[in-house]
Amino acid sequence: MAEPALVLPPAGPSPAGDGGGLTDLAAFPVLRPVTPRYSDLGGDRRVTTVALTRWLEEARVQAELPRFRALVQDGGGRFRIVLAAQRLRALAPVPRGAEYRIGLGVRRIGGSSFSYGYGVFAGDRCVAVADSVTVVATGSGPSELPDELRADLATMVIDEPGGAAAPRPEQARRDRTRYPVVHRLTSRIGDVDTNRHVNNVAILSWYADAVAAWQSGRLGDPDGGPPEELAATAWEVQYVDEVAHPRTYDVVLAVDAAADGLHYRAGLFSGERWVGLADGFGPAGPLDPTGAGLRS
């Protein structure tokens with residue numbers, strides 16, 4: 001069975017694999033308060049992993065980049081800020097009724113991209129960690145980071161060692177015929193963001209929907225869907241191309257047994273065109289992935 005090669009290391013950031021900086025409240029230069037909303041909750045009245053990525057998005061877009069914003073406003077360039085990949089790992093339940101803080105900081109500054117690291121905290125206790133890769137582009141493709149943006153990012157560096165980038169996905173992950181499960185969906189107007197394409201959080205919810213549909217089929221299609229304790233607790237997502245609206249897409253899925261549960265390998269296709277990739281990790285419970293793995 002072929003293992004995926006990802007832009008970011010597998011299974012979401014982990015204290016063991018990425019150092020303890022993301023779980024240390026004091027390591028973050030930026031902290032933002034957040035209160036769970038009813039719409040953030042799953043059936044177990046806890047914040048879902050999809051909702052957590054929405055929290056991270058809000059922290060990311062609110063990041064203070066005064067020099068870069070002034071450059072853009074003064075006509076210094078027409079830049080597009082593109083989310084290329086993100087990872088999330090829940091470390092503990094996130095119930096409603098508590099106040100949380102999101103720590104945000106910069107892990108790595110590259111030539112045309114940079115990465116943020118995040119921690120979600122209840123008091124001083126870290127309940128989730130995440131990171132993301134952002135690419136700066138112009139109309140002709142990826143662009144060298146302008147000096148003004150580099151200066152802004154330098155003020156938000158996290159006091160921890162960042163993880164090294166890994167190779168891009170192997171060719172087999174781009175072949176839709178390798179995936180035995182297909183979940184078809186159509187984009188909705190509520191999925192579209194200010195960039196006029198489908199938002200990254202909505203895309204993650206599509207992958208989560210495909211996993212839930214597969215789980216429900218294995219469990220006899222129970223009312224209300226699969227139990228929340230079977231939901232993936234870690235996600236890593238790569239945004240390969242823009243996802244337009246209105247369009248119909250296929251989320252293709254392969255499910256493999258992993259050492260501590262199940263590994264959900266997913267791809268997003270528009271016809272034969274590959275536009276996204278995701279890997280989810282969650283408990284197996286009573287689920288048997290036999291026959292649903294990635295085809296050779």
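All values reported here derive from a predicted model rather than from experimental measurement. Just the heavy atoms: all of them, side chains too, but no hydrogens, waters or symmetry mates, feed the values below.
In terms of hydrophobic clustering, with Ile, Leu, Val, Met, Phe, Trp and Tyr side chains grouped at heavy-atom distances under 4.5 Å, V275 and V82 are assigned to different clusters. Residues V192 and V251 do not share a hydrophobic cluster, clusters being chains of Ile/Leu/Val/Met/Phe/Trp/Tyr side chains in contact below 4.5 Å. Criterion: ILVMFWY side-chain heavy atoms under 4.5 Å apart, direct or through other members. Under it, Y38 and V94 are part of a common hydrophobic cluster. One hydrophobic cluster, built from ILVMFWY side chains closer than 4.5 Å, holds both I81 and V106. Note: the hydrophobic cluster containing Y249 also contains V181 (ILVMFWY, side chain heavy atoms under 4.5 Å, direct or indirect links).
Distance check, rounded to the nearest 0.5 Å: SG of C126 to OH of Y118 gives 14.0 Å. Note: R87 CZ to T53 OG1 = 15.0 Å, rounded to the nearest 0.5 Å. Between the CG atom of L104 and the CZ atom of R60 there is a distance of 9.0 Å, given to the nearest 0.5 Å. We find the CG-CG distance between L91 and L88 to be 9.0 Å, quoted to the nearest 0.5 Å. The CG atom of L268 lies 11.5 Å from the CG atom of L204; values are rounded to the nearest 0.5 Å. In this structure, CD in Q215 is found 7.0 Å from CG in L219, a value given to the nearest 0.5 Å.
Two residues are said to be in side-chain contact when any heavy atoms from C-beta on lie closer than 4.5 Å; T233 and R89 fail this criterion. When side chains are defined from C-beta on, S113 counts as touching R108, because their heavy atoms get closer than 4.5 Å. Contact of the L22 side chain with the F28 side chain is registered, since non-hydrogen atoms from C-beta on lie closer than 4.5 Å. In this structure, the side chains of I109 and L145 come closer than 4.5 Å at one or more pairs of heavy atoms. Taking the side chain as every heavy atom from C-beta outward, L262 and L287 approach each other to under 4.5 Å. The closest side-chain heavy-atom distance from S216 to P226 is below 4.5 Å. A heavy-atom distance below 4.5 Å is found between the side chains of Y239 and I203.
What you find for T138 and S143 is that their closest heavy atoms are CG2-CB, 3.8 Å. Counting all heavy atoms, side chain and backbone alike, A202 lies closest to D191 at CB-OD1, 3.7 Å. Across all their heavy atoms, A266 and L277 have their closest contact at O-CD1, 3.3 Å. Scanning both residues, A59 and R32, for their nearest heavy atoms gives O-NE, 4.1 Å. P289 approaches A257 most closely through the heavy-atom pair CG-N, 3.8 Å. Heavy atoms only, all atoms of each residue included: L31 and R101 are closest at CD1-NH1, 4.2 Å.
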task: Quick one: do F269 and V252 satisfy side-chain contact (heavy atoms from CB on, under 4.5 Å)? Show the steps, please.
output: CA-CA 8 Å; F269 286 82; V252 295; 3.5 Å; yes
message: I'd like to know whether L65 forms a side-chain contact (heavy atoms from CB on, under 4.5 Å) with M156, so could you lay out the CA-CA distance, the side-chain angles of the two residues, the decisive distance to 0.1 Å, and finally the verdict.
response: CA-CA 10 Å; L65 302 171; M156 297 190 293; 3.8 Å; yes
message: Apply side-chain contact (heavy atoms from CB on, under 4.5 Å) to residues W235 and V50 and explain how you reach the verdict.
response: CA-CA 9 Å; W235 281 101; V50 172; 5.6 Å; no
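Y179 and R173 are linked by a side-chain donor-acceptor pair at a separation below 3.5 angstrom, with hydrogens and angles left out of the test. In summary, the side chains of T186 and T248 do present a donor paired with an acceptor at a separation below 3.5 Å, with no hydrogens or angles considered.
With salt bridges taken as basic N to acidic carboxylate O contacts below 4.0 Å, none links R178 and D175. Note on R273 versus D241: salt bridge recorded, some NZ/NE/NH1/NH2 to OD/OE distance being below 4.0 Å. A salt bridge links E242 to R80: at least one charged side-chain nitrogen sits closer than 4.0 Å to a carboxylate oxygen. The residues R150 and E144 are annotated as salt-bridged, a charged nitrogen and a carboxylate oxygen being separated by less than 4.0 angstrom.
Around the CZ atom of R184, the shell of radius 6.0 Å holds no more than 12 heavy atoms that belong to other residues, nucleotides or ligands.
Applying the side-chain hydrogen bond (donor to acceptor under 3.5 Å, both in side chains) definition to pairs two or more places apart or across chains, those involving residues 197-211 are E57-N199, E57-N200, Q86-N200, D193-N199.
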Please table the atom pairs, donor to acceptor, closer than 3.5 Å between any side-chain atom in residues 40-48 and protein atoms at least two apart or in another chain.
residue : atom : partner : partner atom : Å
D40     : OD1  : R37     : NH2          : 3.4
D40     : OD2  : R37     : N            : 2.9
D40     : OD2  : W55     : NE1          : 3.1
D44     : OD1  : R46     : N            : 3.2
T48     : OG1  : A51     : N            : 3.0

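At least one donor-acceptor pair closer than 3.5 Å links the side chain of W274 to the backbone N or O of G276. One N or O on the side chain of D152 and one on the backbone of R67 form a donor-acceptor pair closer than 3.5 Å. Remark: the backbone N or O of L71 is not paired with any side-chain donor or acceptor of D74 at under 3.5 angstrom. In this structure a side-chain-to-backbone donor-acceptor pair under 3.5 Å is missing from R265 to V255.
Ring orientation note: the planes of H263 and F281 are close to parallel, at an angle under 30° on the 30°/60° scale.
In this structure R247 satisfies the salt bridge (charged side-chain N to carboxylate O under 4.0 Å, His left out) test with no other residue, sequence neighbours excluded.
Side-chain rings of F68 and F79 approach one another, their centers coming within less than 6.0 Å.
In summary, of the residues considered (L83, L153, I158, V30), a side chain to side chain contact (heavy atoms under 4.5 Å, CB included) with Y116 occurs for L153 alone.
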